[in-house]
*Asks:* 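Following this message is one structure expressed as structure tokens.
Every value quoted in this text rests on a predicted model; they were computed, and no experiment measured them.
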Amino acid sequence: MFIAQKLREKNIAEYLLYMWQTEDMIRAFGCSLSRIRREYISRFNYSEEQIEEETDWFGNLITMMNSEGCREQGHLQINKVTLQQLEELHAQLLASTKFPFYNAEYYKVLPYIVELRNRGANKEENEIETCFNSLYGVMLLRLQHKDITPNTQHAVKEITTFVGMLNDYYFADKAGDLVLNDK
């Protein structure tokens, strides 16, 4: 919860990846709050109050995962909404003539997105979701200490730059500093 709160305020892309990882971690613990508390939360140097807050947060996530049918796979609605907000902003940025650098970066990563989508199981996912799925996949490979090909490393570097730009525009939009229309 504490990490998620900080990320949500500073980097929406890292927040979303963190939340996906949290969903997978909850699944790895069999959606058992007692196991998460005992085997995960206890590893941190939290006060009793922080332990209770963190436990409540995980408990709420488990409840949502159960009620939303994503106990085995998929993403929580709160994470889908965040991704949808990024997708909508992406479409607005592309539709505007005010963001040529964003458009240029998009067309630079588009071949990677197309290739990744063609390799993936879900050919209908949108471009931003494809970017996040690739970043998450590489993150998991790194956590498992698996090799990442130079081509994949290059593609992820480009996608990271693109998602970073989207992240910056997201916060500018939230702050009211982004004028999207061309008027």
Side-chain angles (χ1 to χ4, degrees), residues 1-26 44 46 49-50 53-65 67-70 73-110 112-114 116-117 120 122 124-140 142-143 155-183:
M1 174 185 86
F2 303 111
I3 296 169
Q5 286 174 333
K6 286 179 185 174
L7 288 174
R8 185 155 183 87
E9 294 169 7
K10 297 194 185 294
N11 191 317
I12 199 67
E14 286 183 13
Y15 165 79
L16 190 57
L17 294 170
Y18 176 80
M19 289 303 295
W20 285 7
Q21 184 180 22
T22 300
E23 292 168 341
D24 281 346
M25 186 192 67
I26 289 170
F44 297 94
Y46 288 150
E49 183 180 327
Q50 289 173 316
E53 286 180 54
E54 192 81 351
T55 302
D56 287 347
W57 184 70
F58 274 102
N60 288 333
L61 291 176
I62 291 168
T63 299
M64 288 188 285
M65 288 174 74
S67 67
E68 294 176 20
C70 57
Q73 64 181 19
H75 298 297
L76 288 167
Q77 192 61 38
I78 55 172
N79 297 330
K80 289 178 183 178
V81 167
T82 301
L83 185 63
Q84 183 178 2
Q85 290 170 342
L86 290 169
E87 293 162 2
E88 289 169 0
L89 178 59
H90 165 70
Q92 291 173 320
L93 290 166
L94 288 181
S96 174
T97 59
K98 290 185 166 195
F99 306 97
F101 293 113
Y102 183 82
N103 274 270
E105 193 61 36
Y106 166 70
Y107 285 108
K108 191 174 178 182
V109 301
L110 186 57
Y112 301 119
I113 293 169
V114 170
L116 288 164
R117 190 180 299 154
N122 185 359
E124 301 300 314
E125 73 184 13
N126 67 63
E127 295 162 339
I128 301 304
E129 188 173 1
T130 299
C131 290
F132 274 89
N133 280 331
S134 67
L135 294 174
Y136 188 69
V138 169
M139 182 182 82
L140 291 178
R142 287 184 176 138
L143 287 171
V156 166
K157 182 180 177 202
E158 296 297 333
I159 290 170
T160 300
T161 300
F162 171 67
V163 169
M165 289 179 79
L166 181 59
N167 178 72
D168 292 345
Y169 284 125
Y170 174 87
F171 283 105
D173 188 41
K174 291 294 176 203
D177 297 334
L178 189 66
V179 180
L180 291 162
N181 59 18
D182 292 326
K183 294 178 184 175

*Asks:* Could you state the interatomic distance from CG (L16) to CD1 (I128), rounded to the nearest 0.5 Å?
*Replies:*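 Rounded to the nearest 0.5 Å, the CG-CD1 separation comes out at 11.0 Å.
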*Asks:* Tell me every residue that passes ring-ring contact (aromatic ring centres under 6.0 Å, His included) with Y170, counting only those two or more places apart in sequence or in another chain.
*Replies:*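 In terms of ring-ring contact (aromatic ring centres under 6.0 Å, His included), with neighbours along the sequence ignored, Y170 is linked to no residue.
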*Asks:* With sequence neighbours left out, write down each residue that passes side-chain contact (heavy atoms from CB on, under 4.5 Å) with Q73, or none if nothing qualifies.
*Replies:*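 Not a single residue meets the side-chain contact (heavy atoms from CB on, under 4.5 Å) criterion with Q73.
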*Asks:* Identify, with sequence neighbours excluded, every residue that meets side chain to side chain donor-acceptor pair (under 3.5 Å) alongside E68.
*Replies:*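 In terms of side chain to side chain donor-acceptor pair (under 3.5 Å), with neighbours along the sequence ignored, E68 is linked to no residue.
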*Asks:* Which residue pairs satisfy the salt bridge (Lys or Arg N to Asp or Glu O under 4.0 Å) criterion with at least one member in residues 169-178, sequence neighbours excluded?
*Replies:*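 Salt bridge (Lys or Arg N to Asp or Glu O under 4.0 Å) check on residues 169-178 returns no pairs.
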*Asks:* Salt bridge (Lys or Arg N to Asp or Glu O under 4.0 Å): which pairs involve residues 12-24, sequence neighbours left out?
*Replies:*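 The answer is D24-R27.
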*Asks:* Using side-chain contact (heavy atoms from CB on, under 4.5 Å) as the criterion, list what pairs up with A13, not counting sequence neighbours.
*Replies:*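 side-chain contact (heavy atoms from CB on, under 4.5 Å) list for A13, sorted by chain: N11, F132, V163, N167.
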*Asks:* With Y15, which residues qualify under side chain to side chain donor-acceptor pair (under 3.5 Å), at least two apart?
*Replies:*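 Y15: no side chain to side chain donor-acceptor pair (under 3.5 Å) contacts found.
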*Asks:* For the atom pair CD1 (I12) and CG (D168), what is the distance rounded to the nearest 0.5 Å?
*Replies:*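 Nearest 0.5 Å value for the CD1-CG distance: 12.5 Å.
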*Asks:* Going by ring-ring contact (aromatic ring centres under 6.0 Å, His included), name the residues that satisfy it together with F2, two or more places apart in sequence or in a different chain.
*Replies:*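 Applying ring-ring contact (aromatic ring centres under 6.0 Å, His included) to F2 gives Y46.
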*Asks:* For the atom pair OG (S134) and CD1 (I113), what is the distance rounded to the nearest 0.5 Å?
*Replies:*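 Here the interatomic distance stands at 8.0 Å.
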*Asks:* Heavy atoms, side chains only, cut-off 4.5 Å: are I159 and V138 in contact?
*Replies:*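 Side chain of I159 against side chain of V138, heavy atoms only: no contact under 4.5 Å found.
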*Asks:* So, S96 side chain and L180 main chain: donor-acceptor pair closer than 3.5 Å or not?
*Replies:*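 Looks like yes, one N/O pair under 3.5 Å.
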*Asks:* Does some side-chain heavy atom of Y18 sit less than 4.5 Å from a side-chain heavy atom of N79?
*Replies:*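 In short, these two side chains do not touch, never coming nearer than 4.5 Å.
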*Asks:* May I ask you to decide if the ring planes of W20 and H75 are parallel, tilted or perpendicular, using 30° and 60° as cut-offs?
*Replies:*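 Taking H75 first and then W20, their aromatic rings lie parallel (interplane angle under 30°).
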*Asks:* Between Q21 and Y136, is there a side-chain heavy-atom distance shorter than 4.5 Å?
*Replies:*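 With C-beta onward as the side chain, the pair touches.
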*Asks:* How would you list, by chain and number, every residue that makes a salt bridge (Lys or Arg N to Asp or Glu O under 4.0 Å) with K108, sequence neighbours excluded?
*Replies:*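 Only E158 meet the salt bridge (Lys or Arg N to Asp or Glu O under 4.0 Å) criterion with K108.
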*Asks:* Return a table of donor-acceptor pairs under 3.5 angstrom between the side chains of residues 54-63 and protein atoms on other chains or two or more places apart.
*Replies:*
residue	atom	partner	partner atom	Å
E54	OE1	M1	N	3.0
E54	OE2	M1	N	3.1
T55	OG1	I51	O	2.7
N60	ND2	D56	O	3.3
T63	OG1	G59	O	3.0

*Asks:* Cut-off 3.5 Å, no hydrogens considered: what does the side-chain donor-acceptor table look like for residues 80-94, sequence neighbours left out?
*Replies:*
residue	atom	partner	partner atom	Å
T82	OG1	R8	NH1	3.4
T82	OG1	I78	O	3.1
Q84	NE2	E88	OE2	3.1
E87	OE1	N126	ND2	3.0
E87	OE2	N126	ND2	2.4
H90	ND1	Y102	OH	2.6
H90	NE2	E127	OE1	3.4

